[in-house]
Each structure stands twice: as C-alpha cells, then as structure tokens.
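For clarity, every value in this text was computed on a predicted model and none was experimentally measured.
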Amino acid sequence: MTSLRAPGKGRVVANVDDITLSQARMIVSEAGLRRVKRDGRRAVHAWVRGTIIAVNSHPCLDGLTRVSYNPKPKDTDDFDPYFRVQETSGPGRIVTEADRLVLAKPTPDALKGYGWLRHP
C-alpha cells in the first residue's frame, strides 16, 4: 500500500495499491536520515514526488526494473542515502529521477512494494 500526501507538508489523503507517476523524483531527507542514524529507529525520510498518471490500475510489471530504497543494507555498517536499481550483485545503480515510475507490489500477496521503471 502506498500513501499519497497533499502537496507541501500535507497529510495523507489516500492509500492506494499502486500508482504510476511521470516526471518522478526520488527524494531522501538528509535530516531524516541523520535522525535514523542517531536514533537507530525506522522513520519516513524518503519518498517519490511526481505527476499522477494512474491509480489502482494494476499495471503489468513485466519488463520493468525494480528500484528500492534501503538506508541500511544488511551487508554493511554504512548508511546509503540513495534509491537504487536492484541488481543481482553489488549495490546497484543510483536512481534520482525517472520519466515514468510505477509504485506497486510485485504480486498482490507480497508484503512490500517497490518502484518499477524502464531502462534506468
């Protein structure tokens, strides 16, 4: 489930199963990441901003590349402030924007969703 917020410091206005955005920008709050490092607790400090194209359209993810954000990868003590393409080995390429991005679960019964894009 993805939460949609009103522009600015708006409140959550809806929760959706999937959303497709154009002109998507991946944003990580430096202050929020510092808080996570300092407190050792999870907190929302990364999000995607863009123009809504479709909501709850159940898009086909075949042929798309998975993108995710993990500030504390398991195999390291370092913090990683970037959204990355999920590669089979290594940390993956950094992604900061996309012409079109789908936020959705890989399957309806999956516990978490990811970003999906074409040719990063």
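Using cut-offs of 30° and 60° on the angle between ring planes, the pair H45 and Y69 is perpendicular.
How far OG1 of T20 is from CG of L101: 8.5 Å, rounded to the nearest 0.5 Å. The CZ atom of F83 sits 11.5 Å away from atom CZ of R25, with the distance rounded to the nearest 0.5 Å. Distance check, rounded to the nearest 0.5 Å: CG of D99 to CG of L21 gives 12.5 Å. A distance of 7.5 Å separates OG1 of T96 from CE of M26, quoted to the nearest 0.5 Å. Note that CG of D80 is 7.5 Å distant from CG of N70, once rounded to the nearest 0.5 Å. Taking CD1 of I53 as the start and CD of Q23 as the end, the distance is 8.5 Å to the nearest 0.5 Å.
Between the D18 side chain and the S57 main chain, a donor and an acceptor come within less than 3.5 Å of each other. Side chain of R93 to backbone of V85: no donor-acceptor contact under 3.5 angstrom is found. With hydrogens and angles disregarded, a donor-acceptor distance shorter than 3.5 Å links the side chain of N56 to the backbone of D17.
At a threshold of 4.5 Å between side-chain heavy atoms, the hydrophobic network of Ile, Leu, Val, Met, Phe, Trp and Tyr places V13 and V16 in one connected group. In the hydrophobic clustering of this structure, W116 does not group with V95; members are Ile, Leu, Val, Met, Phe, Trp, Tyr whose side-chain heavy atoms approach within less than 4.5 Å, directly or through other members. V102 and I52 sit in two unconnected hydrophobic clusters of ILVMFWY residues. Membership requires side-chain heavy atoms under 4.5 Å apart, directly or through other members. Note: the hydrophobic cluster containing Y114 does not contain V67 (ILVMFWY, side chain heavy atoms under 4.5 Å, direct or indirect links). W47 and L4 fall into different hydrophobic clusters, where Ile, Leu, Val, Met, Phe, Trp and Tyr side chains are chained together by heavy-atom contacts under 4.5 Å.
Using a 4.5 Å heavy-atom cutoff, the side chains of R118 and T65 are not in contact.
For the pairing with S68, the side-chain contact (heavy atoms from CB on, under 4.5 Å) check across R84, K112, Q86 returns one residue only, Q86.
Minimum heavy-atom separation, S29 to G32: OG-N, 3.0 Å. A46 and V28 make their closest contact through CB-CG2, 4.1 Å (heavy atoms, listed as atom of the first residue, atom of the second, distance). What you find for L117 and R100 is that their closest heavy atoms are CB-O, 3.7 Å.
R66 is linked by a salt bridge (Lys or Arg N to Asp or Glu O under 4.0 Å) to nothing, counting only residues two or more places apart in sequence or in another chain.
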